[in-house]
Amino acid sequence: MVTEPAAVSHGLTRHTARTVVDIDVLDRQLEEIRRNGFSASFEERDLGAASISAPVFGSSGELVAAVGIGAPTQRLTAADVGQLAPLVIEAGEEASRRLGYRPGIRPRTGDSS
């Protein structure tokens with residue numbers, strides 16, 4: 001299992017019919033998000049809401065933020081992801097560079113060993 005236990009220690013809460021509440025499905029989605037460099041969500045949290053997001057990394061390689069776009073599902077659809085995701089990824093990469101991140105930096109884990 002990839003997901004940190006603390007992230008789901010109280011279970012996953014269903015907000016809409018599209019909310020992922022199965023930890024195995026979530027793990028598969030997280031692997032795909034890491035591979036693709038972005039996440040797209042359509043009505044998973046709120047009905048009628050869609051978003052595309054990408055990570056922002058700090059100088060030590062740690063995840064520090066995310067950048068994204070959000071819109072009503074009437075204006076942002078799955079058909080838009082191919083065109084917009086590269087722009088969101090580019091914004092995340094630029095923000096990461098400005099924070100001192102360089103690709104290949106391994107994130108600090110917090111232990112000193």
Side-chain angles (χ1 to χ4, degrees):
M1 180 183 294
V2 174
T3 307
E4 295 294 325
V8 293
S9 62
H10 299 292
L12 299 171
T13 302
R14 182 174 299 285
H15 297 280
T16 73
R18 293 182 142 204
T19 302
V20 176
V21 293
D22 181 302
I23 191 67
D24 294 325
V25 172
L26 179 62
D27 279 340
R28 286 191 298 275
Q29 286 182 336
L30 290 172
E31 282 302 316
E32 184 177 345
I33 290 165
R34 286 183 188 101
R35 196 171 43 253
N36 294 334
F38 73 93
S39 172
S41 174
F42 298 92
E43 298 187 309
E44 291 182 33
R45 171 75 183 175
D46 296 305
L47 291 176
S51 65
I52 302 171
S53 303
V56 176
F57 299 102
S59 62
S60 298
E62 74 282 11
L63 178 68
V64 296
V67 296
I69 57 172
T73 53
Q74 299 94 319
R75 293 188 178 192
L76 178 59
T77 69
D80 299 314
V81 172
Q83 179 183 3
L84 296 174
L87 300 173
V88 174
I89 292 168
E90 184 180 330
E93 290 172 347
E94 177 62 20
S96 297
R97 277 191 297 278
R98 288 175 181 246
L99 291 174
Y101 175 71
R102 299 295 176 259
I105 294 175
R106 293 189 177 268
R108 285 190 225 164
T109 61
D111 66 15
S112 56
S113 50

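We number each residue from 1, following the sequence as shown.
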Q) Transitively linked via ILVMFWY side-chain contacts under 4.5 Å: Leu47 with Val20? A)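 Unlinked, Leu47 and Val20 end up in two clusters.
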Q) Looking at residues at least two apart in the chain, or sitting in another chain, which of them share a salt bridge (charged side-chain N to carboxylate O under 4.0 Å, His left out) with Arg98? A)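 Checked Arg98 against salt bridge (charged side-chain N to carboxylate O under 4.0 Å, His left out); matches are Glu94.
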Q) Between Asp22, Ile23, Asp27, which is the residue that forms a side-chain contact (heavy atoms from CB on, under 4.5 Å) with Val25? A)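 Of Asp22, Ile23, Asp27, side-chain contact (heavy atoms from CB on, under 4.5 Å) with Val25 is met by Asp22 alone.
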Q | salt bridge (charged side-chain N to carboxylate O under 4.0 Å, His left out) evaluation trace for Glu31 with Arg34 | A | CA-CA 5 Å; Glu31 282 302 316; Arg34 286 183 188 101; 3.2 Å; yes
Q) By side-chain hydrogen bond (donor to acceptor under 3.5 Å, both in side chains), which residues pair with Thr77, not counting sequence neighbours? A)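 Applying side-chain hydrogen bond (donor to acceptor under 3.5 Å, both in side chains) to Thr77 gives Asp80.
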Q.
According to ring pair (Phe, Tyr, Trp, His ring centres under 6.0 Å), does anything in residues 63-90 pair up with another residue at least two apart or in another chain? List the pairs.
A.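 For residues 63-90: none.
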Q) What pairs of residues pass the ring pair (Phe, Tyr, Trp, His ring centres under 6.0 Å) test when at least one of them lies in residues 46-72, not counting sequence neighbours? A)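 Applying ring pair (Phe, Tyr, Trp, His ring centres under 6.0 Å) to every pair that reaches into residues 46-72, excluding sequence neighbours, yields Phe57-Tyr101.
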Least distance between heavy atoms, [X] atom then [Y] atom:
| X | Y | answer |
| --- | --- | --- |
| Arg14 | Ala17 | NH1-O, 3.4 Å |
| Arg75 | Ala71 | CB-CB, 4.4 Å |
| Gly37 | Ala54 | O-CB, 3.7 Å |

Q.
Tell me which pairs pass salt bridge (Lys or Arg N to Asp or Glu O under 4.0 Å) where either residue lies in residues 42-54, with sequence neighbours left out.
A.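 Sorted pair list comes back empty.
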Q. Nearest 0.5 Å, what's the CZ-CG distance between Arg35 and Leu30?
A.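 One finds 11.0 Å between CZ of Arg35 and CG of Leu30.
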Q | CG-OG1 distance between Leu26 and Thr19, expressed to the nearest 0.5 angstrom | A |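 Rounded to the nearest 0.5 Å, the CG-OG1 separation comes to 11.5 Å.
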Q: If you link ILVMFWY side chains whenever their heavy atoms are less than 4.5 Å apart, which other residues fall into the same cluster as Ile52? By chain and number, please.
A: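 Answer for Ile52: Phe38, Phe42, Val56, Val64, Val67, Ile69, Leu76, Val81, Leu84, Leu87, Val88, Ile89, Leu99.
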